There are 2 protein chains.
Amino acid sequence: MAKYLNEFDATMQMIQGKWKIIILYELAETGQGRFGELQRHIQNVSHKTLANQLRELEADGLIIRHDFETAEPHVEYRLSENGKSLIPILDAICTWGDTHVNHNLIERSLCDE
Amino acid sequence: MAKYLNEFDATMQMIQGKWKIIILYELAETGQGRFGELQRHIQNVSHKTLANQLRELEADGLIIRHDFETAEPHVEYRLSENGKSLIPILDAICTWGDTHVNHNLIERSLCDE
DNA sequence: CTGAATCCATTAGGATACTG
DNA sequence: CAGTATCCTAATGGATTCAG
């Protein structure tokens, strides 16, 4: 059962990162997006951080970067097949959180106020 | 689709942490374990870090801590129902990693050597 | 045995400015 | 527009020591 821990860690490395899943979902919904579009849609992400996360996602083979190499810089990102196959996993995590996490959060938020 | 991102983050917070999943799997396999047993079975984890991760898992409701309160300190940890319900998700992540990650890792390890 | 406290190294990520 | 470089802060986790 625990013999796939290396694969677990490798997968976690890929989806850990404050904005990576938001990026993946954004690309899953829109099909593709330019750097500036992503930055506008994903509020509060800094320029540098978005660039970092995109590079890591690309290095991990989850997204594909297409540089049009025109005079006016134009780059588009989209999900790779690997990236697409990850979406159901992300959905499963969201669903688990929705049914198991909320109550904990509510209890805690009462302590915070 | 992306409306559960808060739940995603909350779930990720719970399972991020260098040893948390190893702890969860260990408890899933053995049923329960004492602090010292966990430290022996999980090689390379420091005393403090194991204590930290156990406290966080307990605070998140994924494991249950039972203090026998005997003269000779005796504490056992086991999965809560929430913790058990998370195992299939972890398995799904492992399985995805097994079928999608390995090749990337192999390609990279060639670069490292 | 279990766990808390202190000190320290590493890393992620934000702010900003600069390049092509 | 897209990307890089520098500086800075907060959080993670390891080593060690102390306490019940």
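On a predicted model such as this, the values are computed, not experimentally measured, just so you know. Here is how names work: the chains are called A, B, and so on, in the same order as the sequence lines, proteins then strands, and each is numbered from 1.
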Can you see which heavy atom on S85(B) is nearest to which on P88(B), and at what distance?
O-CD, 3.4 Å
Residues E26(A) and H41(A): side-chain donor-acceptor under 3.5 angstrom:
yes
Could you check whether any side-chain heavy atom of I63(B) comes within less than 4.5 Å of a side-chain heavy atom of Y77(B), counting everything from C-beta outward?
yes
d(CD1, I63(A); C1', dA2(D)) in whole Å:
14 Å
Would you work out how much the helix from dC1(C)-dG20(D) to dG20(C)-dC1(D) bends between its ends, with each end axis defined by five base pairs, to 10 degrees?
30°
Heavy atoms of D60(A) and K20(A) approach each other most closely as OD2-NZ, 4.4 Å
Restricting to non-hydrogen atoms, name the atom on L38(B) and the atom on G33(B) that form the minimum distance, rounded to 0.1 Å.
CD1-O, 4.3 Å
Atom-pair distance (CD on Q53(B); C1' on dG13(D)), nearest Å:
8 Å
So, OP1 or OP2 of dC1(D): does either fall under 4.0 Å of a side-chain N or O from Y77(A)?
no
With E81(B) via side-chain contact (heavy atoms from CB on, under 4.5 Å) - residues at least two apart:
K84(B)
Taking all non-hydrogen atoms of both residues into account, name the closest pair between P73(B) and R34(B) and its distance.
O-NH2, 3.0 Å
Has the side chain of T49(B) got a donor or acceptor atom that lies under 3.5 Å from a matching backbone atom of S46(B)?
no
Are L90(A) and I87(B) connected, step by step, through hydrophobic side chains (Ile, Leu, Val, Met, Phe, Trp, Tyr) whose heavy atoms are closer than 4.5 Å?
yes
Looking only at non-hydrogen atoms, find the nearest pair between T11(A) and G97(B) and report the distance.
OG1-CA, 3.3 Å
Protein-nucleotide distance (L57(B), atom CG; dG13(D), atom P), rounded to Å
11 Å
Whole angstrom value for the distance that separates C1' of dG13(C) from CE of M12(B):
16 Å
How long is the line joining CD of E58(A) and P of dG3(D), in whole Å?
9 Å
To the nearest Å, give me how far apart CG (L50(B)) and P (dT2(C)) are.
10 Å
Holding to ring-ring contact (aromatic ring centres under 6.0 Å, His included), I want the full list of residues that pass it with W19(B), two or more places apart in sequence or in another chain.
none
All heavy atoms of I89(B) vs all of I93(A), minimum pair found to be CG2-CG1, 3.9 Å
M14(A), M12(A): one ILVMFWY side-chain cluster at the under-4.5 Å cut-off?
yes
Measure the CD1-CD distance between I23(B) and Q53(B) for me, rounded to the nearest 0.5 Å.
5.5 Å
When you measure from the side-chain N and O atoms of R65(B) to the phosphate of dT2(C), is any distance below 4.0 Å, counting only OP1 and OP2?
no
Shorter than 3.5 Å, N or O on both sides, protein versus nucleotides 18-20 of chain C: list them out with atom names.
none

Distance in angstrom units between E56(B) CD and dA11(D) P, rounded
12 Å
Distance in angstrom units between E69(B) CD and dT2(C) P, rounded
14 Å
Heavy atom of residues 31-46 of chain B under 4.0 Å from DNA chain C: which residues?
R34(B), F35(B), G36(B)
Whether each nucleotide of nucleotides 5-10 of chain C has a protein heavy atom under 4.0 Å at its base (B), only at its sugar-phosphate (S) or at neither (-) is summarised, 5' to 3', as BB----
Of the listed nucleotides (dG14(D), dC1(C), dG13(C)), which one gets closest to any side-chain atom of E72(B)?
dC1(C)
